[in-house]
Protein chains: 2
Amino acid sequence: MINIQTTGRGRPGTQARGEDTRRRILEKALDLFAAHGYEGASTRQIAEGAGVNLPAIQYYFGNKEGLYRAIIEDIVADTERHMSAVLPRVRAALDDPEATPVELTELLCQTLEAFVTVVTSGPQVESRRLIFARAEVEETPGLDRMHENGMRQVFNPCLALFARIHGKSEGDPEMTMRTMALIGQVVIFCNNHKRPILKAVGLDGENVQLMKQIVREQTLAICRAVAP
Amino acid sequence: MINIQTTGRGRPGTQARGEDTRRRILEKALDLFAAHGYEGASTRQIAEGAGVNLPAIQYYFGNKEGLYRAIIEDIVADTERHMSAVLPRVRAALDDPEATPVELTELLCQTLEAFVTVVTSGPQVESRRLIFARAEVEETPGLDRMHENGMRQVFNPCLALFARIHGKSEGDPEMTMRTMALIGQVVIFCNNHKRPILKAVGLDGENVQLMKQIVREQTLAICRAVAP
DNA sequence: GATACACTGTGTCAATCGATAGATATTGTC
DNA sequence: GACAATATCTATCGATTGACACAGTGTATC
């Protein structure tokens, strides 16, 4: 019998022993999926790296796909946690017909900064960044979920703000492309941290601040050119 | 005996019959590598799709790795062809100590526009775009070559121009990050064209023009904020 | 028309993949 | 201590992978 959801934690008559095992598998799987991709990372590698037995993956996650989906859910939850501070204020501003371009621009900057926080903080950030980047090119289980998350929590809020600042419709393809270019400023930092460029720079605490500053400055410059 | 480089085309006493076969393999391999990644695309798929026999890949390219490297060389050559119109003028301007910020900014815009041309024109663009994007996350043979190409033909020229405009050193990590953000505007359009966002927009002739316009406008806005 | 080279086909190899069966071990409840 | 649920182990399955050996076919040159 497969276990997947019910790890038995806290349920009477059960044990929470497997919780550690489950977490170890998830952590190692995240690193290996990030490094080698969904197909490239074998369940054997994951099991060995996590110090567990091969069938443990089937036991806890049903199959390889279930394991990957579990990782995605973790990332989605993490993103929601980081964006929850800004998004309500964005919605409020969008509902307010008297919101000024300056206010909207400031919220756009804050939304992008929150997105930077998502991809630069927390445990195993580098691996989570790579999963993010891989979602742009790779065909994996749960990809829809990953994209729905990105659209809902990052892209659509930015699009709505940006369109209002431009005084255009959200449905305008031009605004979609402009928003993509805007977000591309951040997404490009999600590539493999072992690459020469990012290795030379490094995304530690100090450079993260610089990164937020750059995104803010360049976003402000772009918005000012529209509504000075 | 493996053939790889010498397809015998034009050499006396040989046949050029295999040139078609070689090209068919290259085309199908590009599509499949782009769609499923280096490990994900099997040589059997490629051979079947190209309408050739499995050992034909070994015959023409030595092995799977040789086939992939051949594709990369094609992309590199293609990039060089598209950038060759701008890069000499960029070098000339960088060598000229009296080049004005306006001139440098214009050249930066043209370099980025040429990069847009690279990723939006020619046969099998969508697949080549994906290979480009995959190079950011995937570990493949010939990756060094791919990056060296990107650095030399796109990143370094932009970095040099952008640094001069800012009046800072090329070695400044801040300038590296700013240039990454700048180029990220274009790179984000290299993701999978089957994704909902890009599918809704489409990167046909009309939108390519719009894309160039957006990149130019936003780059101008960013540069003006620095040196008004 | 014989010879050499270019090219294509059949068949098969060892290695690795995800997944499963089934036995055993551990832990908590009664 | 009996029992059941949870957890982990050994061993193996069928499928697919890249690569190779080797025979066969076609064409140009002398």
d(CD1, B:I25; P, D:dG18) in whole Å: 14 Å
Contact nearer the 5' end of DNA chain D, comparing B:E65 with A:R24: A:R24
Sugar-phosphate, base or nothing in reach of A:I57, heavy atoms under 4.0 Å: nothing
B:K212 to B:F115, cation-pi by 6.0 Å centre distance and 45° axis angle: no
Exceeds 12 heavy-atom contacts within 6.0 angstrom, atom CD of A:E48: no
Protein-nucleotide distance (B:E39, atom CD; D:dT16, atom P), rounded to Å: 18 Å
Residue B:R44, side-chain heavy atoms: nucleotide from D:dC9, D:dT17, C:dA19 that is nearest: D:dT17
Distance, rounded to the nearest Å, where A:Y38 contributes OH and C:dC17 contributes P: 14 Å
Euclidean distance, atom CD of residue A:Q58 to atom C1' of D:dT6 [Å, nearest integer]: 17 Å
Selection from C:dA19, C:dC17, D:dA19 that lies nearest to any side-chain heavy atom of B:L54: D:dA19
Minimum-distance nucleotide to B:P55 side chain [options: D:dG18, C:dA19, D:dC20]: D:dC20
Distance in angstrom units between A:I46 CD1 and C:dC17 P, rounded: 11 Å
Geometric cation-pi criterion, A:K28 with A:F33: 6.0 Å, 45°: no
Nucleotide D:dG18, atom P - distance to CD of B:E48 in whole Å: 13 Å
Shortest side-chain distance from B:N53, nucleotide among D:dC9, C:dG9, D:dT17: C:dG9
Spacing of B:L67 atom CG relative to D:dA19 atom P, expressed in whole Å: 10 Å
Rounded interatomic separation in angstrom, taking CZ from B:F33 and C1' from D:dT17: 13 Å
Closest to side chain of B:T43, choosing from D:dG18, D:dA11, C:dT10: D:dG18
Sugar-phosphate only, base, or nothing, as touched by B:A47 at under 4.0 Å among non-hydrogen atoms: nothing
Test log, rule salt bridge (charged side-chain N to carboxylate O under 4.0 Å, His left out), inputs B:E139 and A:R195: CA-CA 10 Å; B:E139 210 70 33; A:R195 298 285 184 273; 3.6 Å; yes
N/O (side chain, A:T21) to phosphate O (OP1/OP2, D:dT8) under 4.0 Å: yes
Residue-phosphate contact under 4.0 Å: B:Y59 side-chain N/O, C:dG9 OP1/OP2: no
Derivation and outcome, salt bridge (charged side-chain N to carboxylate O under 4.0 Å, His left out), residues A:R152 and A:E80: CA-CA 10 Å; A:R152 181 168 46 87; A:E80 249 157 13; 3.2 Å; yes
Selected nucleotide, minimal atom distance to A:Y60 side chain, candidates D:dT8, C:dG18, C:dT8: D:dT8
Closest to the B:K64 side chain, choosing from C:dG18, D:dG18, D:dA11: D:dG18
